[in-house]
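Below is one structure, written out as structure tokens; comments come after it.
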Protein chains: 2
Amino acid sequence: MPKQGTPLPHTVLGSDTPCCPPLAQQRIPAEVATALAPAFKALGDPVRLQLMSMIASAENGEACVCDLTPAFDLSGPTISHHLRTLREAGLVDAERRGTWVYYRARKAVLSQLAALLASGGGTTAP
Amino acid sequence: MPKQGTPLPHTVLGSDTPCCPPLAQQRIPAEVATALAPAFKALGDPVRLQLMSMIASAENGEACVCDLTPAFDLSGPTISHHLRTLREAGLVDAERRGTWVYYRARKAVLSQLAALLASGGGTTAP
DNA sequence: TGTCAACCTAGACGAATGCCGAAGCAAGGG
DNA sequence: CCCTTGCTTCGGCATTCGTCTAGGTTGACA
């Protein structure tokens, strides 16, 4: 294997995921839970949650790593690792353009997760 | 001291949490990320995600542990531990009624999380 | 009162996670 | 051509997580 063939891999949770009936409306099957849990787990860290927000709310829908890294008190490799986690959870896409690497949010997946958490019928009941 | 005075404690993420402007609309501050990440982390496990769904979609809005436990190939204490995690993340409430303990979903919190993930404006962008 | 059932807590252990520094690849100048 | 800059991967610790068995604590019932 010539070492570094593929530029940047993604994973899972594309469009083959069953998903989507609101969590509170119908008991979700084990398969769906197993497929979606990694996405929530990826969001279950303050740094990644901020990264996700910075990427998703960026001007052109994409953010450069060179803009993301200095926003934290963490080393470059650590940020890279968190971005990799987000990528492997299917929450973002990465693309290298010239010198820099840009990350882009997969809004469809975010919507999927939002729909799952949405209360379906009875919104709130204080 | 008779040891077990308080019945069952909850934690965090009640109504003091800032929250809510969609993640993709505006970069969320570190405090908010820190406050919300534990909730996502709690959902980042297949078992807890299923538990959450079973509780949230239960008939009367509440589910008995005695109904939850046999749905998994896990020991009772393990399920109890997962329920505790959900409780400490502020996602569910627990109440002991006679012999059984009932768990109830905090739909308001779920809605909060859903709103955060909702794409605000541009739903999907293939 | 004694006994049983339901559920939680405590302690332990392997596996995964978060962090870093050092090293490796890619692109763009001198 | 080499050298610098940007980002990722690699190898290592310290910490956290998921699971179990064992041992309470509470409530119901004979």
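All values reported here derive from a predicted model rather than from experimental measurement. Values below: every heavy atom of this structure, side chains too, minus hydrogens, waters and symmetry copies.
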* To do: Tell me which nucleotide among dC20(C), dC7(C), dT19(D) gets nearest to the side chain of His82(B).
  => dT19(D)
* To do: Residues of residues 55-73 of chain A with any non-hydrogen atom less than 4.0 angstrom from an atom of DNA chain D: list those, numerically ordered, please.
  => Cys64(A), Val65(A), Cys66(A)
* Using a 4.5 Å cut-off on heavy atoms from C-beta on, say whether the side chain of Trp100(A) contacts that of Val65(A). => no
* To do: Assign Gly98(B) to base, sugar-phosphate, or nothing according to its heavy-atom contacts below 4.0 angstrom with the strands shown.
  => sugar-phosphate
* Structure fact -> With Leu83(B) as partner, the option from Thr69(B), Ile55(B), Val101(B) fulfilling side chain to side chain contact (heavy atoms under 4.5 Å, CB included) is Ile55(B)
* With a 4.5 Å limit on heavy-atom distance, are the side chains of Tyr103(A) and Met54(A) in contact? -> no
* Start at the 5' end of DNA chain D and walk down; is the nucleotide closest to Lys41(B) or to Thr99(B) reached first? -> Lys41(B)
* Structure fact -> By nearest-heavy-atom nucleotide on DNA chain C, the more 5' of Ser80(B) and Gly44(A) is Ser80(B)
* Structure fact -> Which of dA6(C), dG18(D), dG6(D) is nearest the side chain of Asp45(B)? It is dG18(D)
* Just compare dG18(C), dG18(D), dA26(C) and give me whichever is closest to any side-chain atom of Arg96(A). => dA26(C)
* Pairs in or reaching into residues 40-95 of chain A: which pass disulfide bond (SG atoms under 2.5 Å apart), with residues at least two apart or in two chains? -> Cys64(A)-Cys66(A)
* Asked: Mind checking what makes side-chain contact (heavy atoms from CB on, under 4.5 Å) contact with Ala58(A), not counting sequence neighbours?
  -> Ala63(A)
* Nearest-angstrom distance from the residue atom CZ of Arg48(B) to P of dT16(D) -> 15 Å
Could you give the side-chain donor-acceptor pairs of residues 71-80 of chain A under 3.5 Å, partners two or more places apart or in another chain?
from	atom 1	to	atom 2	distance (Å)
Ser75(A)	OG	Thr78(A)	N	3.4
Ser75(A)	OG	Thr78(A)	OG1	3.0

* Structure fact -> To the nearest angstrom, the OH-C1' distance between Tyr103(A) and dC7(D) comes to 8 Å
* Structure fact -> Trp100(B) has its side chain closest, among dA6(C), dT9(D), dT19(D), to dA6(C)
* If you check every side-chain atom of Thr78(A), which of dT9(C), dC7(D), dC19(C) has the closest atom? -> dC19(C)
* Between dC19(C) (C1') and Leu83(A) (CG): distance, integer Å -> 15 Å
* Pairs where residues 62-72 of chain B contributes a residue and the test salt bridge (charged side-chain N to carboxylate O under 4.0 Å, His left out) is met, not counting sequence neighbours -> Glu62(B)-Arg97(B), Glu62(B)-Arg104(B)
* Structure fact -> Tyr102(A) atom OH is separated from dT8(D) atom C1', nearest whole Å, by 17 Å
* Those residues that, when tested against His82(B), pass side-chain hydrogen bond (donor to acceptor under 3.5 Å, both in side chains) (two or more places apart) -> Arg48(B)
* All pairs passing side-chain hydrogen bond (donor to acceptor under 3.5 Å, both in side chains) where residues 51-60 of chain B contributes a residue, at least two apart -> none
* To do: Compare all side-chain heavy atoms of Leu117(A) with those of Leu43(B) and state whether any distance is below 4.5 angstrom.
  => yes
* Asked: Heavy-atom distance under 4.5 Å between the side chains of Leu91(B) and Leu113(B), does that happen here?
  -> yes
* In the 5'-to-3' direction, what one-character label does each nucleotide of nucleotides 10-15 of chain C receive under the scheme B = base within less than 4.0 Å of a protein heavy atom, S = sugar-phosphate only, - = no such atom? -> ------
* To do: Round to a whole Å and report the spacing from CD1 of Ile79(B) to P of dT9(C).
  => 15 Å
* Asked: Atom CG of Leu43(A) and atom P of dT17(C): how far apart are they, to the nearest Å?
  -> 15 Å
* To do: Rounded off to whole Å, could you give me the CD-to-P distance for the Glu95(A) and dA26(C) pair?
  => 17 Å
* **Leu86(B) CG - dC17(D) C1' separation (whole Å)** => 14 Å
* Asked: So do Leu49(B) and Val32(A) actually touch side chain to side chain, heavy atoms under 4.5 Å?
  -> no
* To do: Starting from the first five and the last five pairs of the helix from dT1(C)-dA30(D) to dG30(C)-dC1(D), work out the angle between the resulting helix axes, to 10 degrees.
  => 10°
